[in-house]
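Notes follow once the structure below has been shown.
Indexing begins at 1, ligand by ligand and atom by atom, following the structure's order. Values below: every heavy atom of this structure, side chains too, minus hydrogens, waters and symmetry copies.
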Amino acid sequence: MSQSLQDEFIKKELLHGAQNYSPLSVVLEKGKGVYLWDVDGNKYLDMVSAYSAVSHGHSHPELVKAIKNQSEKLAITSRAFYTEPFANFLESLTNISGFESVLTMNTGAEAVETAIKAARRWGYFTKGISENKAEIIVADGNFHGRTTTIVGFSSEESYKRGFGPFSKGFVEAKFCWSGCSKEESIESFKEKINKNTCAILVEPIQGEAGIRVPEKGWLHELRELCNENDILLILDEIQSGLGRTGKLFAFQHEDIIPDGLILGKALGGAMMPISAFLSSKNVMDHFNSGSHGSTFGGNPLASKIATRALEILYEDNLIDNSCELGSYFKSKLRSIDNNIIKEVRGKGLWIGMELNKHNFNAKDLCLMLLNEGLLCKETHKSVIRFAPPLMITKKEIDWAIEKITKVISSI
Ligand SMILES: *Cc1c(COP(=O)(O)O)cnc(C)c1O
């Protein structure tokens with residue numbers, strides 16, 4: 001692979017940019033569907049999908065049309081005024097999700113902050129918690145974004161070192177994960193509940209932590225715990241939502257309904273940043289004029305794209321495709337016979353392949369896959385994530401499996 005042009009841009013980025021990421025050394029120029037091309041014209045299959053933000057595929061023609069039409073007409077207004085695209089988006093999202101009310105922001109972290117504010121106001125004004133005492137229970141290994149409040153309740157030292165002091169009002173319980181049974185996890189949540197608890201905030205499947213899928217029934221038991229104790233159950237489905245796990249929302253695998261839902265990433269159809277907090281009117285109506293906002297949140301351009309992106313989830317059959325091809329992909333990965341693979345797990349087209357740590361580093365494997373034309377990203381040194389756009393085909397998965405098998409057997 002030619003490195004001539006690529007080196008130039010990499011050097012420039014390293015010279016002028018903050019080094020808060022460590023990208024694979026490939027400079028991308030173009031995307032179409034599941035494919036990406038670098039500046040030298042090399043073609044890759046995208047298994048990262050911008051951390052699951054690219055469910056619809058790169059530059060979906062219908063979304064390109066929508067962004068072009070709407071940006072020529074009206075793009076940014078602020079919420080000082082009403083717009084048609086925003087109204088239509090709210091109607092679409094409430095219809096599809098079954099939630100009564102939506103508050104839009106831009107990034108995932110902002111929508112999480114919105115959920116925290118909503119939960120606290122509900123806690124003070126409806127549940128009757130004394131002023132400044134509200135507590136939210138979170139899970140260890142969580143990832144909810146990068147604001148100072150959010151990293152403050154992360155258990156990942158590298159996310160928070162040197163960024164304190166942090167906000168109070170968060171306590172940690174155990175996620176249901178290997179080394180911790182469902183009973184142990186639920187018990188640890190129970191122990192943290194007191195009269196000041198306003199919400200439990202968790203990811204139904206932990207993505208950044210390495211596609212950690214809790215035991216069946218866990219979410220159901222958390223739901224019951226919340227009901228018994230008058231606590232809001234808030235789910236961060238920024239990454240797991242909108243078809244990624246083979247259902248519209250991951251909570252549908254457990255037949256529950258949360259009190260609050262946080263969406264982002266794929267909501268913008270791989271075109272625009274847009275995020276949302278959804279809940280009942282009971283919770284949402286604690287926001288009044290002046291209590292929360294965002295200049296760009298709910299802008300007509302992002303609203304139009306997001307509305308179209310929701311329609312395309314169904315038009316292109318993305319949710320069923322994620323379910324069917326996710327199972328296929330997983331079974332193919334599991335049939336690779338090699339002892340460097342410790343476990344293959346996940347739901348839908350959201351798959352984590354854990355390596356036996358002492359054998360091989362996940363980043364090195366990603367570099368080898370890059371050379372075969374497969375863009376993958378490791379998490380926590382030992383897990384490789386496979387999260388292709390949801391419009392991937394069986395044929396493309398077969399091609400990827402061939403490359404993955406080849407690389408693994410060469411080690
Ligand atoms: C990506 C992600 C976030 C943060 O979203 P940003 O848009 O990067 O702020 C929050 N929660 C989960 C589960 C995520 O995957």
What pairs of donor and acceptor atoms, side-chain ones from residues 83-95 against any protein atom, are under 3.5 angstrom apart with sequence neighbours left out?
{"from": "T83", "atom 1": "OG1", "to": "F86", "atom 2": "N", "distance (Å)": "3.4"}
{"from": "S92", "atom 1": "OG", "to": "N88", "atom 2": "O", "distance (Å)": "3.3"}
{"from": "T94", "atom 1": "OG1", "to": "L90", "atom 2": "O", "distance (Å)": "2.8"}
{"from": "T94", "atom 1": "OG1", "to": "E91", "atom 2": "O", "distance (Å)": "3.0"}
{"from": "N95", "atom 1": "ND2", "to": "E91", "atom 2": "O", "distance (Å)": "3.4"}

Assess the side chains of H292 and K117: does a donor N or O sit below 3.5 Å from an acceptor N or O? yes
Could you check if a side-chain atom of L333 sits within less than 4.5 angstrom of a side-chain atom of I401, using non-hydrogen atoms only? yes
Test item: side-chain donor near acceptor, N229 and T197, under 3.5 Å: no
E315 meets the salt bridge (charged side-chain N to carboxylate O under 4.0 Å, His left out) criterion, sequence neighbours left out, with R308
Can you sort out the partners of K65 under salt bridge (charged side-chain N to carboxylate O under 4.0 Å, His left out), two or more places apart, ordered by chain and number? E62
Pocket residues around ligand 1 (non-hydrogen, under 4.0 Å) come out as T107, G108, A109, F143, H144, G145, E203, D236, I238, Q239, K265
